[in-house]
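Proteins get letters first, then strands, A, B, ... in listed order; numbering begins at 1 in each.
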Amino acid sequence: MPEGHTIHRYAREHRRWLRGRAVEVSSPQGRFAAGARLLDGRTLLTVDAYGKHLFYRFQGAATLHVHLGLYGGFRELRMVNSERGGDGWSVAEVPPPTPGTRLQLRTPEVTIRLSGPTSCELLDPDGETRIRARLGPDPLRRDSDAEAVAAALRRRTTPIGAALLDQKVVAGIGNVFRAEALFVCGTAPLRPANLLDPDDFQRLWATIRGMLAEGLRMGRIVTVEPAEVGKRTRGRLLADERHYVYRRAGLPCRRCGTAIRAFKLAARTAYACPTCQPW
DNA sequence: GCCGGATGGTAAG
DNA sequence: TTACCCTCCGGCG
């Protein structure tokens with residue numbers, strides 16, 4: 001779930017439901033109890049996404065920082081009778097939080113629960129600045145600086161597949177987008193980052209931005225072009241039909257039929273087609 | 001029902 | 001590089 005597009009989607013949803021509202025904040029699990037007490041009842045001013053990080057700014061309080069890590073996630077329960085209408089839960093029916101619920105944000109309209117995050121913490125005054133200082137440009141932000149990413153890549157002799165996962169170079173890419181973007185660009189993950197020429201980079205940057213934006217729009221990662229989609233089950237794509245190479249080790253490449261290879265790169269499993277991404 | 005991996009990151013060795 | 005964090009889910013039986 002959580003690459004950059006997921007984080008931006010959460011930010012958008014949480015802004016929509018919580019911005020300008022007094023929020024009841026609690027920590028059913030207890031591990032964020034002290035922080036929750038400090039935020040409880042305060043008005044949420046903004047929610048901002050930067051790479052894979054979320055920042056919640058409350059009136060008169062420290063900023064809440066959330067990072068989902070590998071398996072963190074939010075669950076949203078909308079209340080029925082909300083002025084915005086639609087289906088939802090009545091207060092009496094709302095299921096109790098799971099024991100792992102680190103954070104709960106509640107208004108009369110919605111209950112949002114966070115489980116399994118790597119971080120859920122209150123930041124000191126320059127905490128957000130410190131975190132953002134170690135993040136490269138975020139392709140999902142309007143102000144993202146492509147030239148800064150190009151410059152960072154030129155300085156690296158490490159494989160491009162490692163550089164793309166380094167959040168200091170570019171913020172928000174995870175293992176799925178690494179595999180898929182490099183495949184679409186015909187670039188081998190092991191190619192040294194500094195050997196990409198300007199055309200290679202432009203193509204890669206445009207691909208990454210497009211994929212993240214599409215993931216944000218769709219709410220999931222679907223990188224395969226519609227014309228290349230194969231099997232469906234009742235109109236829905238099978239899990240391994242949504243990607244070109246990610247998690248398809250040993251299966252035939254959609255473009256050329258060569259068996260997809262998997263190998264470790266930057267401590268994660270990388271996937272590539274040896275024919276379409278010549279080394 | 002259990003087992004193992006997973007779209008991440010950090011800190012230790 | 002490796003261990004660990006801590007949760008969910010699919011594959012297997």
Novice: For A/Tyr271 and B/dA6, what is the distance between atoms OH and C1' respectively, to the nearest whole Å?
Specialist: 9 Å

Novice: Between B/dA6, B/dG8, C/dC8, spot the one nearest the side chain of A/Ser115, thanks.
Specialist: C/dC8

Novice: Please tell me which of A/Arg31 and A/Arg75 maps to the more 5' nucleotide of DNA chain C, matching each residue to the nucleotide holding its nearest heavy atom.
Specialist: A/Arg31

Novice: Measure from CG on A/Leu68 to C1' on B/dA6 and round the result to the nearest Å.
Specialist: 14 Å

Novice: When rounded to the nearest Å, what value does the distance between P atoms of C/dC8 and B/dT10 take?
Specialist: 22 Å

Novice: Between C1' on C/dT7 and CZ on A/Arg113, what's the gap in Å once rounded to a whole number?
Specialist: 16 Å

Novice: Check nucleotides 1-3 of chain B for protein N or O atoms closer than 3.5 Å to its own N or O atoms and list the pairs.
Specialist:
none

Novice: Could you go through the side chain to side chain contact (heavy atoms under 4.5 Å, CB included) check for A/Arg113 and A/Leu77 one step at a time?
Specialist: CA-CA 8 Å; A/Arg113 289 171 180 163; A/Leu77 297 89; 4.1 Å; yes

Novice: Could you check whether A/Arg255 makes a cation-pi contact with A/Tyr244, meaning its NZ or CZ is under 6.0 Å from the centre of the six-membered ring and within 45° of the ring axis?
Specialist: yes

Novice: Rounded to whole Å, how long is the line connecting atom CG of A/Leu54 with atom P of B/dG8?
Specialist: 15 Å

Novice: Might you list the N or O atoms of the protein lying below 3.5 Å from N or O atoms in nucleotides 9-13 of chain B, with each pair's distance?
Specialist:
unit_1	atom_1	unit_2	atom_2	d
B/dG9	OP1	A/His67	NE2	3.4
B/dG9	OP2	A/Lys52	NZ	3.3
B/dT10	OP1	A/Arg134	NH2	3.3

Novice: Whole angstroms only, please: what is the CZ-C1' distance between A/Arg242 and B/dT7?
Specialist: 11 Å

Novice: Answer with yes or no whether the side chains of A/Arg42 and A/Gln59 bring together a donor and an acceptor at under 3.5 Å.
Specialist: no

Novice: Report which part of the nucleic acid A/Gln29 touches: base, sugar-phosphate, or nothing (heavy-atom distance under 4.0 Å, all strands).
Specialist: sugar-phosphate

Novice: Just grab all the salt bridge (Lys or Arg N to Asp or Glu O under 4.0 Å) pairs involving residues 51-60 of chain A, residues at least two apart or on different chains.
Specialist: A/Asp48-A/Arg57, A/Arg57-A/Glu128

Novice: Rounded to whole angstrom units, what separation is found between the CZ atom of A/Arg102 and the P atom of C/dC5?
Specialist: 13 Å

Novice: Which residue pairs satisfy the salt bridge (Lys or Arg N to Asp or Glu O under 4.0 Å) criterion with at least one member in residues 160-169 of chain A, sequence neighbours excluded?
Specialist: A/Arg156-A/Asp166, A/Asp166-A/Lys168

Novice: Which pairs, with at least one residue in residues 153-181 of chain A and sequence neighbours excluded, count as a ring-ring contact (aromatic ring centres under 6.0 Å, His included)?
Specialist: A/His5-A/Phe177

Novice: What's the spacing between A/Thr107 OG1 and A/Arg21 CZ if we round to 0.5 Å?
Specialist: 6.5 Å

Novice: Could you state the CD1-P distance from A/Ile131 to B/dG8, rounded to the nearest angstrom?
Specialist: 18 Å

Novice: What pairs with A/Ala62 under side chain to side chain contact (heavy atoms under 4.5 Å, CB included), at least two apart in sequence or on another chain?
Specialist: A/Leu122

Novice: Rounded to whole Å, how long is the line connecting atom OH of A/Tyr10 with atom P of B/dT7?
Specialist: 16 Å

Novice: Nearest 0.5 angstrom please: A/Thr101 OG1 to A/Ile112 CD1, how far?
Specialist: 13.0 Å

